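Worksheet: the structure to be examined is printed underneath.
Not measured: the values here are computed from a predicted model.
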Number of protein chains: 2
Amino acid sequence: MNKQTTAEKIRTNSAGWMIKMISSRLDSNIKQELKRLGLDLKQFGVLMALLEEEGLTQTEIGKKITLPGYATTRTIDALEKKQLIERRTDERSRRSYRIYLTDKGHATGPELFIIINKVNKNLLSVISATERKQLTTILQKILSAGFA
Amino acid sequence: MNKQTTAEKIRTNSAGWMIKMISSRLDSNIKQELKRLGLDLKQFGVLMALLEEEGLTQTEIGKKITLPGYATTRTIDALEKKQLIERRTDERSRRSYRIYLTDKGHATGPELFIIINKVNKNLLSVISATERKQLTTILQKILSAGFA
DNA sequence: TTGCAATTGTTGCATTTGCAACTTATAATG
DNA sequence: CATTATAAGTTGCAAATGCAACAATTGCAA
């Protein structure tokens, strides 16, 4: 097996590369869908985290969706400016905020679910039910193992 | 099933989200490894494409690794400055270049393979051989179907 | 309780990114 | 041919990003 073949095999057959390819297409699909809501991917992530659980601190949100602190600050700034979320003071600590969805923020929930379901459906449409099950199991296994 | 539960299920159980999570960890793992070579992800991608096949045009490279034209230009600028690749004139067309690895560029090949193998191995280490096979099959199926 | 360390969040600034406009060159069409 | 359309690559500029430094607060340990 020469170097040429090796490189091609790596690029087209390795799980890592394929996952990166699929992920970047997922991103552009979601971005496309989010455009009409005027949201970007990070804002989408923060909203999803808050739809799951409100009253989180910024650090907690960042941990949930893997966003560094400075990016969390700015994303929350943007969402607050759009009046989708609000910072409330934390009674227990004066150095952190508790983040809540506004009514307007709650209202975006269904739209976000539609988007994520649509993209997921599209992603999974070409594989069988059995394979879907397998894929989910495997991905969960990788993630729950930490993968770091 | 209330909204809370739905959101959590989407974030933690949907294939799309999980793939995005894994992909972002792959990126940071690779980035980490590339640091000591002084390369970034895009430069890594271009080098991989050229290790697979030399003499491509910039557009062809971009298509192979999903990089927009302007980014391809800049990445190739950077790699040329590092003397890892070179632009050669295309005899067939004066508006495109043919890109080749320099000796120094060829020499990075083995190091890149080591990195990608290491990251892949790490990714797949927690799943069984059967699951690895399943995962590869499924990912290939999704990609070959176009997924757009 | 005092002093040091760690946490939480923000921000200045340099680098990177992405869009759109641009140049040059080739292809297509009448 | 002449004209128009398309393609390949580059670049200016505004916006987004990431690092590192920062202020403010809290925890901890002597």
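Side chains of A:K121 and A:K118 form no contact here, defined as non-hydrogen atoms less than 4.5 Å apart. For the pair B:V46/B:T75, a side-chain contact is recorded, criterion being any heavy-atom separation below 4.5 Å from C-beta on. Looking at A:N120 and A:L26, their side chains never come closer than 4.5 Å, going by heavy atoms from C-beta outward.
An OP1 or OP2 oxygen of D:dG9 is reached within less than 4.0 angstrom by a side-chain nitrogen or oxygen of B:T59. At the phosphate of D:dT26, OP1 or OP2 sits under 4.0 Å from a side-chain N or O atom of A:R94.
The environment of CD in A:Q83 is sparse: at most 12 heavy-atom neighbours from other residues, nucleotides or ligands sit within 6.0 Å. More than 12 heavy atoms of other shown residues, nucleotides or ligands fall within 6.0 angstrom of atom CZ in A:F44.
Of the possible polar contacts, none joining the B:R88 side chain to the B:Y100 backbone as a donor-acceptor pair under 3.5 Å is found. Looking only at distances, no side-chain donor or acceptor of A:E53 sits under 3.5 Å from a matching main-chain atom of A:L50.
Separating the OH atom of A:Y97 from the P atom of D:dT26 is a distance of 12 Å, rounded to the nearest angstrom. Between A:Q58 atom CD and D:dT25 atom P the separation is 15 Å, expressed in whole Å.
Comparing C:dT26, C:dG9, D:dT26 against the side chain of B:S93 picks out C:dT26 as the nearest.
Contacts with DNA chain D (heavy atom under 4.0 Å) in residues 66-92 of chain A: A:Y70, A:R74, listed by number. Taken residue by residue, residues 37-49 of chain B places no heavy atom nearer than 4.0 Å to DNA chain D.
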Polar atom pairs (N or O), protein with nucleotides 1-7 of chain C, under 3.5 Å:
residue	atom	partner	partner atom	Å
C:dT7	O2	A:R95	NH1	2.5

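Listed by chain and residue number, B:L84, B:T102 satisfy the side-chain contact (heavy atoms from CB on, under 4.5 Å) test with B:K104 (two or more places apart in sequence, or in another chain). Here A:R94 pairs with nothing under the salt bridge (charged side-chain N to carboxylate O under 4.0 Å, His left out) rule; sequence neighbours left out. Legend: residues meeting salt bridge (charged side-chain N to carboxylate O under 4.0 Å, His left out) with A:D40, ordered by chain and number and at least two apart, are absent.
For the residue pair A:K42 and A:I65, the shortest heavy atom distance occurs at O-CD1, 4.4 Å.
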